[in-house]
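Below is one structure, written out as structure tokens; comments come after it.
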Amino acid sequence: MNLATAFVASAEKNSRRPAVFWGDEEYLYADLLGQSSWLGRRLRDDFGVKPGDRVAVWLKNCPQFPSVLFGIWRAGGVVVMINHFLKPDEISYILRNSETRVVISESAFAEAQTKLAGAIPQLRFLPIEEMPRSAPDTDSAPSRPAGTGLAALLYTSGTTGRPKGAMLTHGNFLHNVGSCLRCLEVDETDRFVVLLPQFHSFMFTVGTLLPILTGAGIILLKSVHPLRSVLDEVVRRGGTILPAVPQFYRTLTQLPAATPLPLRLCVSGGAPLPVEVLREFNARFPVPLVEGYGPTESSPVASVNPIRGPRKEGSVGIPIPDVEMSIRNEAGKELPDGETGEICIRGGNVMRGYWNEPEETAKVLRDGWLYTGDVGHRDAEGYYFITDRKKDMLLVNGINVYPREVEEVLYQFPGVREAAVIGLPDPRKGEQPVAFIAPNEGVVLDEKAILQFVRSKLADYKVPRNVTFLDALPRNATGKILKTALRQLPRPASN
């Protein structure tokens with residue numbers, strides 16, 4: 001069994017059921033089956049894709065997204081997900097690193113595609129606009145990679161400033177889907193509300209693979225604004241499961257009056273869920289809101305609060321079925337309940353490693369455990385609590401941002417002697433990056449020019465909200481910048 005065969009089985013069984021709702025359009029499972037067949041043939045016959053070849057997916061949210069994924073897998077290819085907020089330089093690195101030669105994209109990115117084609121001449125683009133609305137399923141002999149075969153490279157930023165490709169297998173995703181199906185009690189009558197970016201690992205598995213392989217429906221939102229239209233669509237299409245980030249649930253709690261919704265379950269992921277948001281939500285909506293946890297490297301779900309309780313405030317819950325978690329110290333020794341250490345994960349959902357990064361792989365995969373870099377503890381009842389996150393990492397709208405990557409760009413600006421980036425709480429986005437810069441002696445720097453320079457190099461959500469100029473950045477005796485001291489400094493007005 002692999003993702004391609006699992007999809008075909010689900011699509012054939014549910015061929016006349018709606019798979020994706022997109023505004024007033026409905027895509028049946030039969031449509032997805034035909035589209036994926038068409039794409040698989042195009043990739044093999046016209047683009048020469050062979051089993052194991054990497055194929056990048058560079059799309060905004062669209063109803064063809066599941067067909068694209070399963071079409072690549074039916075051709076035997078490996079999906080390379082592209083965050084569509086990235087700039088050409090960032091995308092170029094991922095394409096080069098993964099040795100991708102074929103990119104499935106859309107006309108909205110035409111200008112950026114031209115830049116990439118100039119930088120990587122061997123790149124070939126397959127426009128999503130060419131995919132037919134429906135097509136016959138004529139792929140009678142598709143490639144069948146083993147469950148242990150590589151299915152996707154999901155790139156996650158690293159503390160070195162360069163993203164690493166988490167190698168996730170067909171078995172990893174099938175394992176995670178199976179576990180989520182059981183703990184969320186999903187069946188073909190469910191309809192998932194998808195409003196987060198589909199490239200995000202949370203939506204990749206929970207918002208796409210889980211419903212499609214179960215025969216459930218996806219209500220795909222074209223925009224989260226205005227919120228009223230989102231809620232109207234949830235009601236109109238009968239949404240039952242809403243996976244979203246904490247910021248969205250915070251917005252729901254600020255509505256003038258609680259709106260009756262058909263939802264049976266809300267799942268929070270991508271960032272820590274503030275206890276006050278959970279309490280406000282519970283006071284206004286009769287729907288369970290359960291917080292889950294998991295890094296991209298675990299496909300990504302590792303734990304969730306049980307939907308039938310007990311659900312604990314501030315906790316990311318208990319391990320999902322067939323997954324183990326533990327708290328360990330730096331020496332790898334398991335710690336008793338109540339003690340703080342690194343959260344580790346073991347199970348069939350854990351990645352094979354990082355693409356072409358054996359040293360980085362060895363740091364996080366040790367003795368069968370994935371060392372997440374997240375710090376926390378487990379209570380006596382087996383519930384896990386995260387007390388800190390990977391060093392220096394920020395979560396902006398649920399997306400990882402590593403200060404080191406932004407700092408490297410700041411150092412490229414003429415006249416910058418020292419640079420540091422930290423995250424500060426933001427009620428709308430969770431966190432926002434802010435920068436501190438010490439200029440070269442006698443140099444006067446312009447904040448707007450610096451931010452414009454960063455914006456030309458990095459995705460908008462990585463750009464600092466503002467810049468504070470200092471004569472020198474605070475450092476300890478060994479020369480390390482003291483970011484704790486920076487967080488205590490007075491803040492300038494935001495731009």
I'd like to know if the side chain of [X] and the backbone of [Y] have a donor-acceptor N/O pair within less than 3.5 Å.
{"X": "Asn83", "Y": "Phe85", "answer": "yes"}
{"X": "Arg44", "Y": "Val49", "answer": "no"}
{"X": "Glu12", "Y": "Ala9", "answer": "no"}
{"X": "Glu431", "Y": "Leu394", "answer": "no"}
{"X": "Asn61", "Y": "Leu196", "answer": "yes"}
{"X": "Ser15", "Y": "Ala11", "answer": "no"}
{"X": "Ser298", "Y": "Gly294", "answer": "no"}
{"X": "Ser223", "Y": "His225", "answer": "yes"}
{"X": "Thr208", "Y": "Met203", "answer": "yes"}
{"X": "Ser268", "Y": "Val290", "answer": "no"}

Determine the minimum heavy-atom distance between [X] and [Y], stating which atoms define it.
{"X": "Val301", "Y": "Asn349", "value": "O-ND2, 3.1 Å"}
{"X": "Leu32", "Y": "Ile212", "value": "CD2-CD1, 3.8 Å"}
{"X": "Ala30", "Y": "Arg16", "value": "CB-NH1, 3.9 Å"}
{"X": "Asn97", "Y": "Trp355", "value": "O-NE1, 2.9 Å"}
{"X": "Pro403", "Y": "Lys483", "value": "CB-NZ, 3.7 Å"}

Item to check | With Tyr354, the side chain to side chain donor-acceptor pair (under 3.5 Å) member among Lys164, Glu297, Glu360 | outcome: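 Answer after filtering Lys164, Glu297, Glu360: Glu297.
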Using atom types as modelled, flag every donor-acceptor pair under 3.5 Å from a side chain in residues 104-112 to any protein atom, sequence neighbours excluded.
unit_1 : atom_1 : unit_2 : atom_2 : d
Ser105 : OG     : Trp58  : O      : 3.1
Ser105 : OG     : Gln113 : NE2    : 3.0
Glu106 : OE2    : Lys60  : N      : 2.7
Ser107 : OG     : Glu129 : OE2    : 2.9

With the threshold set at 4.0 Å, does a side-chain nitrogen-carboxylate oxygen contact exist between [X] and [Y]?
{"X": "Arg236", "Y": "Glu233", "value": "yes"}
{"X": "Asp53", "Y": "Arg101", "value": "no"}
{"X": "Lys115", "Y": "Asp89", "value": "no"}
{"X": "Arg54", "Y": "Glu99", "value": "yes"}
{"X": "Glu25", "Y": "Arg133", "value": "yes"}
{"X": "Arg42", "Y": "Asp46", "value": "yes"}

Checklist entry - Can you check side-chain contact (heavy atoms from CB on, under 4.5 Å) on Leu86 and Ile94, steps first, answer last? => result CA-CA 10 Å; Leu86 299 181; Ile94 291 174; 3.8 Å; yes
Next on the checklist: Between Phe65 and Phe199, does the ring pair (Phe, Tyr, Trp, His ring centres under 6.0 Å) criterion hold? Intermediate values first, please.
Outcome noted: CA-CA 9 Å; Phe65 187 82; Phe199 67 74; 9.0 Å; no
Checklist entry - Which of parallel (below 30°), tilted (30 to 60°) and perpendicular (above 60°) describes Phe70 and Phe7? => result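 Rings of Phe70 and Phe7: parallel, under 30°.
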Checklist entry - Under 3.5 Å, is there a donor-acceptor pair between the Arg74 and Ser37 side chains? => result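 Per modelled atom types, Arg74 and Ser37 side chains form no pair under 3.5 Å.
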Checklist entry - Below 4.5 Å, heavy atoms only, C-beta onward: do Val102 and Phe125 meet side chain to side chain? => result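 Val102 vs Phe125: side chains apart.
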Next on the checklist: Tell me whether the count of non-hydrogen atoms from other residues, nucleotides or ligands lying under 6.0 Å of NZ in Lys50 goes above 12.
Outcome noted: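 For Lys50, atom NZ is not crowded (no more than 12 foreign heavy atoms under 6.0 Å).
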Checklist entry - Going through the checks in order, is the side chain to side chain donor-acceptor pair (under 3.5 Å) test met by Asn172 and Thr169? => result CA-CA 5 Å; Asn172 288 154; Thr169 68; 3.2 Å; yes
Next on the checklist: Would Ser229 and Asp232 count as a side chain to side chain donor-acceptor pair (under 3.5 Å) here? Give the steps.
Outcome noted: CA-CA 5 Å; Ser229 66; Asp232 288 345; over 6 Å; no
